[in-house]
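Each chain gets a letter, A, B and so on, in the order the sequences are listed, and its residues count up from 1.
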2 protein chains.
Amino acid sequence: MKATLRDVAERSGFSITTVSHVLNDVPGKRIAPDTRETIRRVADELAYRPNQLAQGLRRQRSGTIGFLADSILTTPHAHKVISGAQDAAAEAGSMLLLVSTDGRPELEERGITAFLDRQVDGIVYAATYHRIVTPPPSLRARPAVLLDARTDAAEYPSAVPDEVGSARTAVAELVRAGHRRIGYLGNVDDIPATAGRLAGYRQALAEAGLPWQPAWEVAEASESTGGYRAARAVLDRPDRPTALFCFNDRMALGAYFAVQDLGLAVALDVSIIGFDDQEIISEGVHPGLTTMRLPHYEMGQWGIRTLLSLIDAPSDGPYDPVHFDCPLVRRASVGSPRG
Amino acid sequence: MKATLRDVAERSGFSITTVSHVLNDVPGKRIAPDTRETIRRVADELAYRPNQLAQGLRRQRSGTIGFLADSILTTPHAHKVISGAQDAAAEAGSMLLLVSTDGRPELEERGITAFLDRQVDGIVYAATYHRIVTPPPSLRARPAVLLDARTDAAEYPSAVPDEVGSARTAVAELVRAGHRRIGYLGNVDDIPATAGRLAGYRQALAEAGLPWQPAWEVAEASESTGGYRAARAVLDRPDRPTALFCFNDRMALGAYFAVQDLGLAVALDVSIIGFDDQEIISEGVHPGLTTMRLPHYEMGQWGIRTLLSLIDAPSDGPYDPVHFDCPLVRRASVGSPRG
DNA sequence: ATGAAAGCGCTAACAC
DNA sequence: GTGTTAGCGCTTTCAT
C-alpha cells in the first residue's frame, strides 16, 4: 500500500542504503548526480514518505512532543498556547500529543506515562493560568518546559506573564486618559496574579502621584458575580472612582452590569479596563472592553522552541522564569473623566 | 536507561519470546505458572513498559489517533469535543495527535500527511460548528469520522447536533413558562443551524398553537452586536414579545444589553433563552442564561468509539449522520410573562 | 513449556 | 560511488 524505502530501492535499482542516503541528504557521501536524480524521481512517483515509527525507533527521536494541559476547558483563551505550540512544532517537523487533565491530578501521571511509552522527545507542562506547580517526578524522564507555571526549585525552563508590569501598563492607560480616581477590583485567589496585579496597581498610582484609597481597592471572587459585587461596593460610594481596573475580564463583565444597574454608562461615567482579553467577553461586551492580552500564543511558541533546543543540547538549570509582557488591547471602555 | 524486553529476559533467565508471551497474555500458550510469576515480578522491578514505537511498527498499530480541528480557537466551548475524544481514547489505550488548522485550509493536507507519516490508526475531522465539509481526499487513507460536520456523500460516519429538535425544546420551555408572544433572534450565516433552528422555532410555535409574527423573527450577524440590534428591532415595537429565543449565546448577550438599554429587566420583562451554553457567557451574565447545551463532550466520545470500531472492522458506508440532542440548561433568564 | 529466527521500516558503521 | 551488515524494540510463526 504505502511505499517503503525498499520499494524505492527496487524500482530505482539502487540499494536501500543509497536511497536512504540521498533522501536524507546525508553529508559527506559521494553519490553520482544521476543517481540522486533517479532516486528522487522514483521516490516522487511512488509518493514515498518515511515511516516515522521506524525512523523514530532507529533514531531514538519520535518527532513527537507531549503537551500536558491542566485544563483546556475552563479558560478558553488558553487554547492559544496550544496554537502557538503547534505552529512552532510544525516548523520543526514535530507534532503534539495532547493530554488535558481537566483538574484530575491522577491523569497527570497517566498522561506522562503514555507520553513516555510513545517516546516523546520532550514534554510541555502547561497550566491554564499562572501558577506555582509541583509536577510529578516522572516529568524528569524527558526534557520539559513549564508554561504559565513555575516551580519553586526552578528546575525547568518556564514562561509566565509579567503580572506587575502589565498591571502598571493598564493603570497607566487610565492615568493617561485623565483619571485621578482609579479603583481596583481585585480577587481573593491564592495565585501569583493576585499579588502581582495588585502591586502593579499600587505602583502605577504611586508613579503617577495619585492618592491610594483603601476604599477603592476591593477583593472579591474572580468571576462575573464577584465583579458585580466589587463594583457595587466601590461605585456606591459618594467619592466613587471614575475608572476601574479589574483583575480579569470576567470581573469586568460583572462590573458592566453593576454600572448599568446604577444608571451609569461604561466609558462615559466609568472607564473600565480588564485583564486576559477573553474575546467572547472583551469583544462581546457593549462597549468593547479595553484589556490586557495574555501572551498565550507567544508562550506556546517559546515553549516548543525552548524545549527543542533543550532536546538538542541538554542542560541542567536552574532556570529563571521568563516574563512575558501583556500587550494593551484598546477598545471602547476607556474614556476621559467628566467635568 | 529505560528497561527493554531484553532486559527483562536476561534478568529473569527466560527468552525474549517467552517474556513477550506472558506480558501480552498471548492465548493458547502453555507457560508454567512459576515462569509467569517470575517474569511479571522482574518486569515490575524493572518498571518495564513496552516501547510503543517498536510495538506499533511491528503490529502496524500505533495506538495513536489524529485529531484534526478546523479551529480550537474561535469557539471555546468546542474544546469539550477534544475532552470527550481524549477520555474515550484513553479508555482504549490510545492517544490524540492534535492539529488545529485555525481556518488555514493549507494546514489540512499538511496535518493529515503528518498524521499518516506517524501511522495514526484513524483520524477524526472535527468542525467548530455544524458544517457541510469537503475533507481532502487524503483523509480516505485511513478510517475517519466527522464531528459537528458532514459531507454530502455521507462517506464517513458523522455526528451533528439535532438543530431542529433542540430549537423546539427551547421554545417549548418558553411556552411552558406561559409565554405566548415569542420572538426569534436569528442569524444570517449559510450553515445548517440557520435553517434548522429557525424551523424548530416555527414548528414549536405551530405545535403550541401560537401566532407566528413576521416582525418577531429577525436575522442579524450571529454575535453580540448583531444580537443587540436584533433585540432592539423586536423590542422597540409596541407589540413586543415577552420572550426571545436566540440563535446563540453571543446574540443572547447582545440581547441582554438591549433589554437593559430599554430600561427593562431580563426574566422579569423579557425572558431570554440562548443556544450553545458557552459558559463564560451563560454563567457570566446576570441573571444566568438559560440555554441549550451543545453535546460536544458526547460527540467527542462517540467519535473515538466509532472510529475505533471502524478500525477493527472496516466498513464502507454510506453513513447517516447521527443526531445528538442538546439538553436544556435552566438558569435564571426565563420567567413568566407579566400580567 | 520454551526459544530461535525472521522481520516491521529505517539508519549508520564500515566495507569495497 | 555504492552496498553489506547490524541493529532500534518488539511480535510472531514455527521448531523442539
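Under the 4.0 Å criterion applied to side-chain N and carboxylate O atoms, B:D25 and B:R40 are assigned as salt-bridge partners. Between A:E10 and A:R6 there is a salt bridge, with a side-chain nitrogen of the basic residue lying less than 4.0 Å from a carboxylate oxygen of the acidic one. The pair A:D87-A:K80 does not count as a salt bridge, with every side-chain nitrogen at least 4.0 angstrom from each carboxylate oxygen.
B:F67 is listed as a side-chain neighbour of B:V81, based on a closest heavy-atom distance under 4.5 Å.
Atom CG of A:L23 is separated from atom P of D:dT2 by 14 Å (rounded to the nearest Å). Between the OH atom of B:Y48 and the P atom of D:dT11 there is a distance of 6 Å, given to the nearest Å. The separation between B:D117 atom CG and C:dC10 atom P is 10 Å, rounded to whole Å. Rounded to an integer number of Å, the gap from A:N24 CG to C:dG9 P is 17 Å. Rounded to whole Å, atom P of D:dG3 lies 16 Å from atom CZ of A:R30. We find that CG of B:L53 is positioned 13 Å from P of C:dT11, with the value rounded to whole Å. As rounded to whole Å, 12 Å separates atom P of D:dC10 from atom CZ of B:R49. For the pair A:F14 CZ and D:dG1 P, the interatomic distance rounds to 12 Å; values are reported in whole Å.
The B:S20 side chain lies nearest to D:dT12 when the options are D:dT12, D:dC8, C:dT11. Among the nucleotides C:dC8, D:dT13, D:dG9, the one closest to the side chain of B:T17 is D:dT13. Residue A:A32 places its side chain closer to D:dG1 than to any other of D:dT12, C:dA12, D:dG1. With C:dG9, C:dA6, D:dT2 as the candidates, the nucleotide lying closest to the side chain of A:N51 is C:dG9. In this structure, the nucleotide among D:dT11, C:dG3, C:dT11 sitting nearest to the side chain of B:T18 is C:dG3. The side chain of A:L57 sits closest to D:dC8 out of D:dC8, D:dG1, D:dC10. Side chain of B:L5, nearest nucleotide from C:dT11, D:dC10, D:dG9: D:dC10.
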Criterion side chain to side chain donor-acceptor pair (under 3.5 Å) on A:S83 and B:D102, from CA distance to verdict = CA-CA 8 Å; A:S83 206; B:D102 293 330; 2.8 Å; yes

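Between B:R6 and D:dG9 there is no side-chain polar atom (N or O) within less than 4.0 angstrom of OP1 or OP2. A:Q55 has a side-chain polar atom (N or O) that falls below the 4.0 Å cut-off from OP1 or OP2 of C:dT11. The phosphate of C:dT2 (OP1 or OP2) has a side-chain N or O of B:T35 nearer than 4.0 angstrom. The shortest distance between the side-chain N/O atoms of B:Q60 and the OP1/OP2 oxygens of D:dT11 is not below 4.0 Å.
Nearer the 5' end of DNA chain C, as judged by each residue's closest nucleotide, is the contact made by B:S15, out of B:S15 and B:R59.
Residue A:I16 is classed as a base contact, given a heavy-atom separation below 4.0 Å to a base. Counting any heavy atom pair closer than 4.0 Å across all strands shown, A:T4 reaches sugar-phosphate atoms only and no base atom.
Within 3.5 Å, a donor on the side chain of A:R58 pairs with an acceptor on the base of D:dG7, or the reverse.
Annotation: cation-pi pair B:R150/B:Y156 absent, no NZ/CZ under 6.0 Å from the ring centroid and within 45° of its normal.
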